[in-house]
Amino acid sequence: MAEKVSVVKCDSYDEELVLEKVREALDLIGFKIKQGSKVLLKPNVLSAKSPDEAITTHPALVNAICFILKEKKCKISIGDSSGIGIEGTREAFKKTGIEGIAKRYNAEIIPFEESKIVYKKINGKILKGIHISKSLLDADFIINMPKLKTHALVGYTGAVKNMFGIIPGGKKSYYHKICGNQTAFADLLVDIYNCRIPDLNIMDGIIGMEGNGPAAGKIKKTGIIIASKSGIALDFVAAKIIGFKTEDILTNKALVKRNLKPEIEVVGEKNIKIKYEQPIKTIRKVPGFMLKIFYSLVNPEIKVNKKKCKKCLVCLKACPVKAISLINNKIKINRKKCILCYCCHELCPEKAIIIWKSSIARFITSLKNWVKKVIK
Ligand code: SF4
Ligand code: SF4
């Protein structure tokens, strides 16, 4: 049976209008949910940006979904991991306006890197297992809420790419590093998406981003909401709407190669076309070994100041992935296991845990801060 994908016009973030249009989009695909379900929303909370910057899922959409779920007496939580360091995700939830919506519906905010982490074996093309938040496995129903944006690395960021945010903390940049090239990275994104396939996908395409997304592109008024039970089907429909071919989007290309593209039936608005500017493709042509070197240089590392450490073992007990051990009376950190959640850094009473950055990483951070100041 073909996967239904609904496309509905919606030209503003007025809460009432968005609620009406979300209901329409969900009705078109025959959405149903069991009363009292435990539901986890996964919006795009990439960074601490205002919703007007079109980088993150707009709170009006989160509001609409929460409203509909509350009618069904669902228990709602909203999770993501922006992976930008201590307080990163919490701050991002606040700035994007999603925290305010969570309070309105008594929904729990879950920065994945702060939650209980479990290891899940998977049979992916690139990955054989991943560390994810237990909240993803505990949820009866997951609603994936991507933002319609281009992406310099893989072409576009939609339903499949949005689930990369389930990887807690800074481990995301480690995955960039191990892939070595963009094709392998696209396959890794498909592996992660398949690890816990969302039950519903609803895309914020009211105002999207074209050009060099996901954060530095141009805001694009698009006026659509797209919904589907299949995130993969949604991605192919969204790509067609913005005028991208399968080969322009590496995740879609990987899905076709892996025979994962389903039959698709578009319902609602069938003929919308809003041409998006493509991201520059230079970054996709960078040789894999150079990317590996780059990511090795910019990836932070957790280190222990042996002089300050009093071997209290607070960090060892707190580490969610058991990456810390006491060997020969010294605290050791297993870099391969570490997901860079920074819990140990936060909890160490002696301030003995250091987030070490290479001089290149430090230079990039100061450059970014300088640009921010100049723009302000
Ligand atoms: S919490 Fe700090 S002081 Fe305690 S063992 Fe870990 S590094 Fe050492
Ligand atoms: S070593 Fe520290 S930063 Fe790494 S996973 Fe454990 S607690 Fe988190």
Side-chain angles (χ1 to χ4, degrees), residues 45-48 79-93 108-122 126-138 163-179 188 191-192 195-196 292 295-362 364-365:
V45 189
L46 179 70
S47 51
D80 200 2
S81 173
S82 58
I84 45 173
I86 310 152
E87 292 297 315
T89 309
R90 279 207 180 271
E91 185 57 28
F93 270 119
E108 185 191 1
I109 286 282
I110 307 179
F112 289 140
E113 64 275 15
E114 289 180 22
S115 65
K116 188 168 169 43
I117 306 289
V118 289
Y119 185 74
K120 188 172 188 290
K121 280 190 182 168
I122 54 171
I126 307 287
L127 297 173
K128 298 300 164 208
I130 55 173
H131 283 103
I132 52 167
S133 166
K134 190 169 173 289
S135 62
L136 285 143
L137 304 181
D138 290 346
M163 292 304 280
F164 189 42
I166 70 171
I167 301 299
K171 188 85 179 184
K172 285 188 265 308
S173 52
Y174 169 75
Y175 281 135
H176 278 287
K177 193 185 93 179
I178 59 162
C179 283
L188 175 135
D191 287 353
I192 292 168
C195 136
R196 171 55 173 97
K292 274 194 176 189
Y295 283 117
S296 306
L297 291 171
V298 296
N299 259 358
E301 256 182 74
I302 297 294
K303 292 194 175 181
V304 182
N305 181 328
K306 292 188 187 93
K307 282 184 190 154
K308 283 188 178 177
C309 176
K310 297 269 183 341
K311 326 259 170 12
C312 68
L313 306 188
V314 165
C315 57
L316 189 143
K317 286 174 198 152
C319 178
V321 294
K322 305 207 178 337
I324 306 178
S325 37
L326 186 71
I327 301 169
N328 298 333
N329 209 27
K330 281 184 191 136
I331 290 290
K332 297 269 181 210
I333 298 185
N334 181 331
R335 222 190 142 196
K336 276 195 177 163
K337 276 190 179 176
C338 171
I339 58 164
L340 294 170
C341 67
Y342 306 124
C343 286
C344 52
H345 173 84
E346 274 180 72
L347 295 174
C348 174
E350 307 300 326
K351 305 261 174 278
I353 302 265
I354 310 151
I355 301 170
W356 181 86
K357 285 183 177 176
S358 69
S359 37
I360 290 188
R362 288 200 301 272
I364 291 171
T365 312

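Ligands are counted one by one from 1 in listed order, and the atoms in each one are counted from 1 as well.
- For Cys344, the nearest N, O or S atom to atom 2 (Fe) of ligand 2 falls under 2.8 Å.
- Of all the atoms in ligand 2, the ones that sit under 4.0 Å from a non-hydrogen atom of Val321 are 5 (S).
- Looking at Lys330, its side chain never comes within 3.5 Å of a backbone N or O of Lys306 through a donor-acceptor pair.
- For atom 5 (S) of ligand 2, the closest heavy atom belonging to the protein is Ile339 N, 3.4 Å.
- Here the heavy atom of the protein found nearest to atom 4 (Fe) of ligand 1 is Cys312 SG, 2.3 Å.
- Near Cys338, meaning under 4.0 Å from any of its heavy atoms, are these atoms of ligand 2: 1 (S), 3 (S), 4 (Fe), 5 (S).
- Side chain of Lys120 to main chain of Cys195: a donor-acceptor pair is present (N/O by atom type, distance under 3.5 Å, no hydrogens or angles).
- Atom 2 (Fe) of ligand 1 has as its closest protein heavy atom Cys348 SG, 2.3 Å.
- Only backbone heavy atoms of Leu313 (N, CA, C or O) come within less than 4.0 Å of ligand 1; its side chain stays farther off.
- Shown in contact with Ile331 at under 4.0 Å from a heavy atom are these atoms of ligand 1, numbered in order with element: 5 (S).
- At the top of the distance list for atom 8 (Fe) of ligand 2, counting protein heavy atoms only, stands Cys341 SG, 2.4 Å.
- In this structure, the side chains of Leu340 and Tyr342 come closer than 4.5 Å at one or more pairs of heavy atoms.
- From the protein, the heavy atom lying nearest to atom 3 (S) of ligand 2 is Tyr342 N, 3.3 Å.
- Nearest-heavy-atom check against atom 6 (Fe) of ligand 2 across Ala318, Gly169, Ala323, Cys319 picks out Cys319.
- Of all the atoms in ligand 2, the ones that sit under 4.0 Å from a non-hydrogen atom of Ile324 are 1 (S).
- Of the possible donor and acceptor atoms, one in the side chain of Ser81 sits under 3.5 Å from a partner among the backbone N and O of Gly169.
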>> One pair to check against side chain to side chain contact (heavy atoms under 4.5 Å, CB included): Ile302 and Ile354. What are the steps and the verdict?
In response: CA-CA 6 Å; Ile302 297 294; Ile354 310 151; over 6 Å; no
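- Closest of all the heavy-atom pairs between Ile192 and Phe164 is CD1-CD1, 3.7 Å.
- Shown here is Lys128, whose NZ atom has more than 12 heavy atoms of other residues, nucleotides or ligands within 6.0 Å.
- Close approach of ligand 1 to Lys310 (heavy-atom distance below 4.0 Å) involves ligand atoms 3 (S), 8 (Fe).
- Taking every non-hydrogen atom of Lys311 and a distance limit under 4.0 Å, the qualifying atoms of ligand 1 come out as 5 (S), 8 (Fe).
- Close contacts between ligand 1 and Ile353 involve ligand atoms 7 (S) [criterion: under 4.0 Å to a heavy atom].
- Counting all heavy atoms, side chain and backbone alike, Leu326 lies closest to Leu316 at N-CD1, 3.6 Å.
- Near Cys315, meaning under 4.0 Å from any of its heavy atoms, are these atoms of ligand 1: 1 (S), 5 (S), 6 (Fe), 7 (S).
- Distance alone, capped at 3.5 Å, places no donor-acceptor pair between the Ser325 side chain and the Ile327 backbone.
- With a 4.5 Å cut-off on side-chain heavy atoms, Val304 and Ile353 count as touching.
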